[in-house]
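Data block below; observations after.
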Amino acid sequence: MQVATGKSILNGIAIGPLRIYKKAETQTTVTSTLTPEEEYARFDAARVKAQEQLGVLYEKALEEVGEDNASIFEIHQMMLDDDDYLDAVKGIIDTQNATAEYAVSTTGENFSAAFAAMEDEYMRARAADVKDISHRVVNVLLGVGDEEMMADQPAILVADDLTPSETVQLDKTKLLGFITRHGSSNSHTAILARTMNIPALVGVDFQDDWDGKLAVLDGYNHCVYIDPAQELLVAMEEKRSNDLKQEALLQSLKKKPNVTLDGREIKVYANIGNAGDVGLVLQNDAQGIGLFRSEFIYLDSQDYPSEDQQFMLYKRVVETMAGKKVIIRTLDIGADKQASYFELDKEENPALGYRAIRICLTRKEVFKTQLRAILRASAFGTVSVMFPMIISVREVRDAKEIMEECKAELQERGVAFGNVEIGIMIETPAAVLLADELAEEVEFFSLGTNDLTQYTLAIDRQNPKLDNFYDSHHPAVLRMIKHTIEAGHRHGCWVGICGELGADQTLTETFLRMGVDELSVSPAAVLPLRKIIRSLDLSLDLNKETQV
Ligand code: PEP
Ligand code: MG
């Protein structure tokens, strides 16, 4: 038996075989030792394999997200038959005695640059597609690819790192847990693991020979046991079955109100990353959705999702929630959340860069497409919208103005929409300091404590080396929260917390005493939080009045 340690993302236990996922090396050998004919034959076989993969993806997408969304995989299949593309690959192989992988990745880069420079918007959008298909063929040539990420059998996935877009595409029915070498416990990948209620460890120095071995991932003790001894395995299986029993016990809190012993009621909502998570929200009896991270729809897509595609997804969530509030956060892309078709430049300081509302206000058509989709979905239930990364009153006014333009466009088209409550995320120190003015503009605030902590403490939430400095209980952060709640209330705004801190049970009483109106947490954290809330008596020990 071997033991390795890391940082736990979720207290839980996963038992199963390890599956090591290796990403394709982007560094490819340039000069071939084979003849050009042999290299071209390698390319052609990889191309056919890639087309087969795309066929499987098409069928899966057709079933899960409908024909419109699935059609991109058909387009990709066709691109791999394109004569110009095939001639270019062959030309590089022939003239430079190059390897197939070098020829394909160079062709991908060249075609992508050519498409990106075109006038026509449709053609420009193909720039990302040609890169994507080339990447797929290179993966096949190097013997790594999509199918390697997914085990046939349920497994604990092991990888150097997982990006949010990779995580969101994982087949959750086969994912018992995951382990990464890199990654911080405050990253979006970590948040997704919590949303999916999947035990995960980051910062584990794994070895290649672990592949296929039986392991126990012990999230409570921040470690993984490889080839566990029989006694340990039995003990861990028992612990896991106790966890399941505890979860079942929590189910008895379903349909009970979130009210303290002295009668203070608070809303407990859930955070979701995509429409598929709504089942977890119902299962855990959240009163609403406090944060729908809509950017994951974009990350799960090969191209800009259309108004209709987004509308269908939002409508599905809103209808399923049957009148309960659904707060959709507008696109918060950029920084660690990258979709290639946005073609965002590489930045020195991505967390301080071109992201979220900054992209939406400058790429107005992308923003408007999303806002119209949200507005249309609001005709089917109770929808609120909130804007991320706000730092000024100007931004909120601009966003609201664009929202009005969208309403006018829908009216002109004769399309129905409902009353949409407007709020903002408070996740920058600037927004906290301007909370009084901002509250005059909107109906609610939602505190994004993940970013608020990052920007208040000047600590990159992506940097694992800083995890020990990322003190979410830092008095500066708690004072920011208190200030925001008080300012919001002064101007008639309700105030919630949707960052990870909202689920921190050691702070629940503090937040309630501060007067927070809503806590939005990962679905699995809803019932444990209800249990805590129902055990608190805020009338006791008034000296405990939030001293932060
Ligand atoms: C936050 O910053 O707290 C938040 C909820 O947004 P995200 O984690 O998606 O940046
Ligand atoms: Mg944020």
Side-chain angles (χ1 to χ4, degrees), residues 8-11 185-186 191 194-195 197 220 246-247 249-271 284-291 325 327 425-427 432 435 444-453 456-457 470-490 493-548:
S8 176
I9 299 299
L10 184 101
N11 283 343
S185 41
N186 304 301
I191 290 172
R194 275 183 221 118
T195 305
N197 203 21
Y220 293 99
Q246 282 302 323
E247 274 171 35
L249 264 182
L250 283 172
Q251 295 294 316
S252 65
L253 288 174
K254 270 183 156 180
K255 305 289 168 227
K256 301 249 166 79
N258 298 305
V259 60
T260 60
L261 291 171
D262 56 314
R264 163 115 149 75
E265 193 153 3
I266 176 168
K267 296 200 164 52
V268 180
Y269 290 172
N271 296 344
N284 291 284
D285 195 32
Q287 289 164 287
I289 293 173
L291 168 64
K325 189 174 284 199
I327 305 178
M425 295 203 55
I426 301 287
E427 50 185 350
V432 174
F444 71 95
F445 285 160
S446 190
L447 279 146
T449 51
N450 310 330
D451 278 319
L452 186 57
T453 308
T456 303
L457 305 184
Y470 186 98
D471 174 9
S472 49
H473 290 209
H474 193 292
V477 175
L478 297 180
R479 281 180 210 175
M480 293 261 180
I481 295 172
K482 188 165 186 261
H483 176 88
T484 304
I485 295 171
E486 288 169 357
H489 287 174
R490 270 199 292 278
C493 270
W494 65 264
V495 185
I497 299 178
C498 66
E500 296 297 287
L501 207 57
D504 185 331
Q505 296 177 9
T506 64
L507 286 173
T508 309
E509 181 168 359
T510 306
F511 292 150
L512 262 72
R513 286 182 184 276
M514 286 181 181
V516 76
D517 303 289
E518 174 245 21
L519 293 170
S520 191
V521 297
S522 62
V526 168
L527 292 175
L529 203 53
R530 179 169 300 170
K531 191 168 172 214
I532 296 277
I533 291 167
R534 291 171 63 83
S535 71
L536 293 175
D537 188 346
L538 304 177
S539 68
L540 297 176
D541 192 7
L542 286 178
N543 290 337
K544 249 181 164 176
E545 205 55 63
T546 46
Q547 305 275 337
V548 293

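We're numbering straight along the sequence, starting at 1. Heavy atoms only: backbone and side chains are in, while hydrogens, waters and symmetry mates are out. Worth saying up front: this structure is predicted, and the values here are computed from it rather than measured.
Pairs passing the salt bridge (Lys or Arg N to Asp or Glu O under 4.0 Å) check and including a residue from residues 517-529, sequence neighbours excluded, do not occur.
Put simply, the side chain of L253 reaches to within 4.5 Å of the side chain of K531, judged on heavy atoms. Side-chain contact between E500 and I191 is present, with heavy atoms from C-beta onward closer than 4.5 Å. No side-chain heavy atom of L291 sits less than 4.5 Å from a side-chain heavy atom of I327. L250 is listed as a side-chain neighbour of P528, based on a closest heavy-atom distance under 4.5 Å. Residues D451 and M425 form no side-chain contact, since every pair of their non-hydrogen atoms from C-beta on lies 4.5 Å or further apart. In this structure, H474 and T456 have side chains that are not in contact, with every pair of non-hydrogen atoms separated by 4.5 Å or more. Two residues are said to be in side-chain contact when any heavy atoms from C-beta on lie closer than 4.5 Å; Q251 and E247 fail this criterion. Between S520 and K267, every side-chain heavy-atom pair lies at or beyond the 4.5 Å cut-off.
Here the closest heavy-atom approach between residue I497 and residue S446 is recorded as C-OG, 4.4 Å. Contact detail for F444 and C493: the closest heavy-atom pair is N-SG, 3.9 Å. Pairing each heavy atom of V526 with each of A270, the nearest pair is CG2-CB, 4.2 Å. Contact detail for Y269 and A286: the closest heavy-atom pair is C-CB, 4.1 Å.
Note: C498 SG to L447 CG = 7.5 Å, rounded to the nearest 0.5 Å. Rounded to the nearest 0.5 angstrom, M480 CE and T449 OG1 are separated by 12.5 Å. Rounded to the nearest 0.5 Å, atoms CG (L478) and OG1 (T453) are 8.5 Å apart. Taking CG of L501 as the start and CD1 of I481 as the end, the distance is 5.0 Å to the nearest 0.5 Å. Taken from CD1 in I485 to CZ in R513, the straight-line distance is 13.5 Å, to the nearest 0.5 Å. In this structure, L512 CG and L519 CG are separated by 6.5 Å, a value rounded to the nearest 0.5 Å.
In this structure, E265 contributes its side chain and V259 its backbone to no donor-acceptor pair below 3.5 Å. The backbone N or O of L10 lies less than 3.5 Å from no partner atom in the side chain of R194, so there is not a single donor-acceptor pair. At least one donor-acceptor pair closer than 3.5 Å links the side chain of D285 to the backbone N or O of K255. The main-chain N or O of L538 is found under 3.5 Å from a side-chain atom of D262 such that the two form a donor-acceptor pair.
Considering Q287, R264, R534 as possible partners of N258, the one that fulfils the side chain to side chain donor-acceptor pair (under 3.5 Å) test is Q287.
Under the salt bridge (Lys or Arg N to Asp or Glu O under 4.0 Å) criterion, K325 pairs with E421, sequence neighbours left out. In this view, Y470 satisfies the ring-ring contact (aromatic ring centres under 6.0 Å, His included) rule with no residue, not counting sequence neighbours.
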Next on the checklist: Test side chain to side chain contact (heavy atoms under 4.5 Å, CB included) on H473 and D504; report intermediate values, then the result.
Outcome noted: CA-CA 10 Å; H473 290 209; D504 185 331; 2.6 Å; yes
